[in-house]
Undergrad: 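What follows is a single structure, and I will ask about it in a moment.
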Amino acid sequence: MTSPRPLHVEVISASLTDTGLRRRVNEDAHLASFPVFIVADGMGGHEAGDRAAAAVVDAFRGFVGRGDVAPEEVAEAVHAAHRAVGAIARGTTRGAGSTLTGVVAVQQGGEPRWLVVNIGDSRVYRLLSERLEQVTVDHSIAQEMVDAGRLTRDEMSTFEGRNVITRAVGGERSPADFWLLPVVTGERILICSDGLSGEITDEAIRAGLLSGASPAQTTGALIAQALAHGGRDNVTAIVVDVVGGGIHPRLEDTTGGLVTSEPATGTIEVETVPSRRKRHD
């Protein structure tokens, strides 16, 4: 069997994290090195939250520098993260957990794809042709209330239970959601913890991403806005610009694909489903 050709996708990326104005410890962790760009927001306080987030990131470090990652390997990394965080939780009195969200450049059918992964309420946004969409769907009480029509999206940031999530790495019955998206030249991707999305609006995020600034300048400006709006939580942002190697924007299949299952065999099944993603034109 011949090995797949390495991906030739050109990206420029930058990442930044801040403890915020009300926390003493930064329980966020992130990894931003091609082909993997992920954020983990740990839970468990001083005892274990930062360790849980670091363990999630460590499960993905083996992908750094590779151009031949397969979707099944990403699924196994999620399983490894669950096992690692579970082990940390068993050694603490308060328990431990973490969110996980981000993108990994993978090969499918010989073509580059973004495999988006999400557990919890950290987010992946995508800006393409001035249109912003939230790719991931929060696993949170607030999102469930929005889906049920009991809360508006604008009310999510002030909802008293906004930090209560329904899935977490290390938790039971917490499978990951996956989406497969084409890699598109000219797109800009934002991966962030809720310390950013909970402080500034989607319109402010869109304006920041549209500013024309470099990824490094953009992460700095977005985090500065979050701090100016209160900085109630740790805040982390990764911005990825695709500058070459993707398809032309006009050829993009905007439906993407949701990977709906992740069997123990390590295979993943993909089907197209109606999108619940939020768009801002």
Side-chain angles (χ1 to χ4, degrees), residues 28-31 36-44 48-49 52-63 69-90 95-106 108 113-126 134-148 161 163-181 191-194 197 255-278:
D28 284 1
H30 65 282
L31 178 60
V36 55
F37 304 90
I38 61 170
V39 166
D41 180 355
M43 296 162 284
V56 170
V57 168
D58 285 344
F60 286 78
R61 287 195 189 279
F63 298 144
V69 178
E72 293 81 6
E73 293 181 89
V74 179
E76 178 51 40
V78 173
H79 289 311
H82 271 297
R83 293 191 294 268
V85 175
I88 292 170
R90 288 190 293 274
S98 178
T99 69
L100 161 64
T101 201
V103 298
V104 182
V106 301
Q108 188 178 64
R113 296 285 187 271
W114 290 122
L115 183 55
V116 183
V117 57
N118 186 62
I119 301 174
D121 64 351
S122 299
R123 292 180 178 176
V124 174
Y125 290 89
R126 185 191 200 202
Q134 180 186 326
V135 180
T136 54
V137 179
D138 295 352
H139 300 134
S140 68
I141 295 295
Q143 182 64 57
E144 290 183 354
M145 292 182 66
V146 170
D147 292 344
N163 294 325
V164 180
I165 62 175
T166 56
R167 298 188 203 178
V169 181
E172 297 182 359
R173 295 181 294 278
S174 292
D177 288 340
F178 294 92
W179 290 260
L180 273 171
L181 301 176
I191 304 107
C192 65
S193 62
D194 68 331
S197 59
T255 62
L258 174 63
V259 181
T260 55
S261 63
E262 196 188 334
T265 59
T267 60
I268 52 180
E269 299 169 2
V270 183
E271 64 181 36
T272 299
V273 298
S275 175
R276 295 168 59 199
R277 289 175 272 161
K278 181 73 173 179

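FYI, the numbering just counts along the sequence from 1. Values below: all heavy atoms of this structure, side chains included; hydrogens, waters and symmetry mates excluded.
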Undergrad: Measuring from Leu115:CG to Glu73:CD, what's the distance to the nearest 0.5 Å?
TA: 11.0 Å
Undergrad: Starting at CG of Asp194, measure out to OG1 of Thr99 and round the result to the nearest 0.5 Å.
TA: 7.5 Å
Undergrad: Given His30, which of Val39, Ile38, Val56 fulfils the side-chain contact (heavy atoms from CB on, under 4.5 Å) condition?
TA: Val39
Undergrad: Could you go through the side-chain contact (heavy atoms from CB on, under 4.5 Å) check for Val124 and Trp179 one step at a time?
TA: CA-CA 11 Å; Val124 174; Trp179 290 260; over 6 Å; no
Undergrad: Grab the two heavy atoms, one from Ile88 and one from Ala48, that are nearest each other, plus how far apart they are.
TA: CG2-CB, 3.9 Å
Undergrad: So which of Val36, Val103, Val116, Val106 actually passes side-chain contact (heavy atoms from CB on, under 4.5 Å) with Val74?
TA: Val106
Undergrad: Between Thr136 and Ser122, which heavy-atom pair has the shortest distance, and what is it?
TA: OG1-O, 4.0 Å
Undergrad: Does any non-hydrogen side-chain atom of Phe178 lie less than 4.5 Å from one of Pro71?
TA: no
Undergrad: Quick one: closest heavy-atom pair of Ile119 and Ser174, and the distance?
TA: CD1-O, 3.8 Å
Undergrad: How many angstroms lie between atom CD of Glu72 and atom CD of Gln108, to the nearest 0.5 angstrom?
TA: 8.0 Å
Undergrad: Grab the two heavy atoms, one from Gly42 and one from Ala53, that are nearest each other, plus how far apart they are.
TA: N-CB, 3.7 Å
Undergrad: For Val137 versus Gln143, what's the shortest heavy-atom pair and its separation?
TA: CG1-CG, 4.1 Å
Undergrad: In terms of side-chain heavy atoms, does Ser140 have a donor or acceptor partner in Asp121 at a distance below 3.5 Å?
TA: no
Undergrad: Residues two or more places apart in sequence or in another chain: which of them pass side-chain hydrogen bond (donor to acceptor under 3.5 Å, both in side chains) with Asn118?
TA: Thr101
Undergrad: What pairs with Ala87 under side chain to side chain contact (heavy atoms under 4.5 Å, CB included), at least two apart in sequence or on another chain?
TA: Arg90
Undergrad: Can you name the side chain to side chain contact (heavy atoms under 4.5 Å, CB included) partners of Ala105, sequence neighbours left out?
TA: Leu7, Phe34, Pro35, Trp114
Undergrad: Rounded at 0.5 Å granularity, tell me how far CD1 in Ile191 sits from CZ in Arg123.
TA: 14.0 Å
Undergrad: Quick one: list whatever passes side-chain hydrogen bond (donor to acceptor under 3.5 Å, both in side chains) with Arg167, sequence neighbours left out.
TA: His139, Asp177
Undergrad: Once side-chain hydrogen bond (donor to acceptor under 3.5 Å, both in side chains) is applied, do any residues pair with Asp41, and if so which ones, sequence neighbours excluded?
TA: none
Undergrad: Going by side chain to side chain contact (heavy atoms under 4.5 Å, CB included), name the residues that satisfy it together with Ala52, two or more places apart in sequence or in a different chain.
TA: Val85, Ala96, Ser98
